[in-house]
Amino acid sequence: MKKLTLLLCFLLTIISFGQDTIASDSTYFNPDFDVKPMAVTDHNNNIFLFFLRNGDGPTVVLKYDKDYNLLVKKIITRKNYGYSKIRGYGLDEANKIHLYFTNSTSKNLLIQSLDENGDSSETKITLDIEGEKIIDGFTINNIFHLLAYTKGTSEINRYSFNGANYEKTIYNLFKNELCNNAENSVCNLKHLFNKREIQFISDEVPATISQTENKLKIYPTTDKIQITSDYSVGTTQLITLSLSDNTFELSSYPYPNGYNNFKIKTRIKSNSFLYKDFIFQILASKKQCILFIKSLSNNTVLKTYSFTEEENINFKNSEIYQDNGSFSVNTKVLTDSKKFLNLLSKGSIAITVEEKGNNILMVFGGVTAERSSSMPMMGMPIMNFPIGNFGSFNLFMNAFFTVENSMTTYTRSLLNKDTFEQEKGFAGINIFELIHVYKTQDVKLKKVIRENIFKNNGDYIYGYYNPESSKYTLLRF
């Protein structure tokens, strides 16, 4: 507990010099309504903050210029009712923002378009998706994409939108030899996507252990979509979909010999994480843990780390934490590997990687439980929230709330990003943990609502509404 107290003091010192208030403006939010926050930066570097109420309720819009001066503050409504699921957003060349909503059938789409003044218009279209099931939507390079699969086939379909116009791209996975095996989970799309444990990962947003515990991850990038499945212990399957045409690749990354030599082959758990051109894989049982770093291009093992219940983890750069909400008063420091592995065996395991200058921060551990929360978590269905790699609820806010509301056990390693050898020094923590520690400084911040996190010009911006002062505040970290 003494080590943890010293760490908290160190973090509070860092935070006191590492954030500043950039905006604080009077507005009003009804505290009784649950809303989904989303941030979009337009072509003129203006920032639109949307607070979308559940169901058919009104949306609060705040528009700031690049210096965070409030330009527009208004409430907009949707004239067409029944379109309660926000799927994502797009930004066209005319600098119009388009918000995409679906109704209960998911084939009728409502597009709410906003100009620079925040004035809105609506367009309804019907998608030709008979026999298809929507996976989810995401935004890349300001273009909104909707992913679906055709039931009873191995076809993944991508709908790419420009305002109300769209193009459909079909990826027929059955053409790959891996799909000749009907049991292959990566080709059995109904089995794959009905798990309802999908996590979108973006290099814009630091991933958390409480997110990456999910076995199915989707990594949208500027030119492709990568989908990984870790449902089969001992291998990671990868689907790569091109965004420029209908080409795709299916790959399999089996665990190397270390898996065959595992001390206990029962109740082994596995997971993975993609980082640039590499895949990080983790295997764990009650007795042992092995981590592999491999090349995606040729499946070559570049580095292996391991420990058993009798051994110290000699490649970690932090204590082993048992955490009930990031760095909360209930956080414990574990003293040995046996307790760590025992906790991992009771929950799900995960690994994350984040670039830190010339190094990478590798965090590995697992989720032992989830605390009750009114906010959605990534282990729950994600179909109600927008996905986008530039400031959206799903990627930023769910990361934050899973940090605050998950009981996790983990440790950190600082590795050279070229050689993957361990480096010395403080491993650091991510932005969501920093914000959580910041909130512990002021009891008033425990009562704030309408929180939002987004990234702008390399800075992380944290926003919150204080019902007592009726002000919305933006802080730069």
Side-chain angles (χ1 to χ4, degrees), residues 36 38-43 50 52 83 85-94 96-103 106-114 123-129 131-150 153-173 189 192-193 198-205 216-228 238-249 274 378 381-396 398:
K36 307 176 182 72
M38 183 172 67
V40 179
T41 302
D42 69 12
H43 295 310
F50 298 97
L52 298 111
Y83 295 84
K85 293 184 179 181
I86 174 69
R87 295 291 188 175
Y89 72 90
L91 178 67
D92 66 20
E93 294 181 355
K96 271 194 172 184
I97 297 173
H98 306 280
L99 305 180
Y100 295 88
F101 300 84
T102 56
N103 62 4
S106 293
K107 69 178 182 179
N108 295 319
L109 201 68
L110 177 68
I111 305 166
Q112 187 173 31
S113 304
L114 292 91
T123 305
K124 291 192 295 183
I125 61 174
T126 299
L127 294 176
D128 184 18
I129 59 171
E132 298 180 34
K133 184 175 180 62
I134 291 179
I135 301 168
D136 217 324
F138 57 93
T139 301
I140 297 178
N141 295 333
N142 295 321
I143 297 175
F144 173 65
H145 303 271
L146 197 63
L147 273 186
Y149 70 89
T150 304
T153 73
S154 293
E155 288 183 353
I156 295 180
N157 308 310
R158 171 172 56 88
Y159 296 85
S160 302
F161 290 82
N162 180 10
N165 301 314
Y166 67 91
E167 294 182 355
K168 181 178 181 179
T169 303
I170 301 174
Y171 306 92
N172 188 355
L173 273 58
L189 300 180
L192 186 66
F193 292 115
I198 304 172
Q199 174 61 54
F200 279 74
I201 304 292
S202 168
D203 57 8
E204 285 283 307
V205 187
L216 184 66
K217 304 179 187 69
I218 299 180
Y219 301 76
T221 66
T222 55
D223 60 349
K224 61 182 177 293
I225 307 165
Q226 294 172 296
I227 305 172
T228 59
L238 171 64
I239 305 173
T240 303
L241 308 176
S242 171
L243 285 177
S244 59
D245 52 33
N246 66 342
T247 59
F248 65 91
E249 292 182 15
L274 297 186
M378 286 310 302
I382 64 172
M383 299 303 181
N384 290 339
F385 312 111
I387 309 292
N389 53 344
F390 298 106
S392 72
F393 180 87
N394 199 303
L395 293 184
F396 282 90
N398 258 309

Q. Can you tell me how far CG of L114 sits from CD1 of I97, rounded to the nearest 0.5 angstrom?
A. 6.5 Å

Q. Taking the side chain as C-beta and beyond, is there a heavy-atom pair between L52 and L99 under 4.5 Å?
A. yes

Q | Min side-chain heavy-atom separation K96-L91 under 4.5 Å | A | no

Q | Heavy-atom pair of closest approach, residues I140 and T222 | A | CG2-CA, 3.8 Å

Q. Is any side-chain heavy atom of K124 closer than 4.5 Å to a side-chain heavy atom of N108?
A. no

Q) By side-chain hydrogen bond (donor to acceptor under 3.5 Å, both in side chains), which residues pair with Y171, not counting sequence neighbours? A) R158

Q: Return the minimal non-hydrogen interatomic distance between H145 and I143, and the atom names on each side.
A: CD2-O, 3.3 Å

Q. Can you name the nearest heavy-atom pair linking T221 to L243, along with the distance?
A. O-CD1, 3.5 Å

Q) Looking at CZ of F101 and CG of L109, how far apart are the two atoms once the value is rounded to the nearest 0.5 Å? A) 10.0 Å

**Q.** side chain to side chain donor-acceptor pair (under 3.5 Å) partner of H98, chosen from T123, N162, D92
**A.** D92

Q: Look at the rings of Y100 and F161 and say which category their plane angle falls in: under 30° parallel, 30 to 60° tilted, over 60° perpendicular.
A: tilted

Q | Ion pair K168/E132, N-O distance below 4.0 Å | A | yes

Q: Check the pair I239 / L192 against side-chain contact (heavy atoms from CB on, under 4.5 Å), numbers first and verdict last.
A: CA-CA 12 Å; I239 305 173; L192 186 66; 4.2 Å; yes

Q: Supply the atom-to-atom distance I111 CD1 to Y89 OH, rounded to the nearest 0.5 angstrom.
A: 16.0 Å

**Q.** side-chain contact (heavy atoms from CB on, under 4.5 Å) evaluation trace for T228 with Q226
**A.** CA-CA 7 Å; T228 59; Q226 294 172 296; 5.5 Å; no

Q) With a 4.5 Å heavy-atom cut-off, do K133 and F193 have their side chains touching? A) no

(Q) To the nearest 0.5 Å, what is the distance between CD1 on I227 and CD1 on I201? (A) 13.0 Å

Q. Yes or no on side-chain contact (heavy atoms from CB on, under 4.5 Å) for L241 and I156, after CA distance, side-chain angles and deciding distance?
A. CA-CA 9 Å; L241 308 176; I156 295 180; 4.0 Å; yes

Q) Given R87 and I134, is the side-chain contact (heavy atoms from CB on, under 4.5 Å) satisfied, shown in steps? A) CA-CA 10 Å; R87 295 291 188 175; I134 291 179; 3.8 Å; yes

Q: Can you measure from OH (Y83) to OG1 (T102) and round to the nearest 0.5 angstrom?
A: 9.5 Å

**Q.** Closest non-hydrogen atom pair, Y159 against A148
**A.** CE1-CB, 4.4 Å

Q | Side chain to side chain, L110 and N103, heavy atoms closer than 4.5 Å | A | no

Q) Do you know the tightest heavy-atom contact between F248 and N172? A) CZ-O, 3.1 Å

Q) Is the closest side-chain heavy-atom distance between D136 and I218 below 4.5 Å? A) no

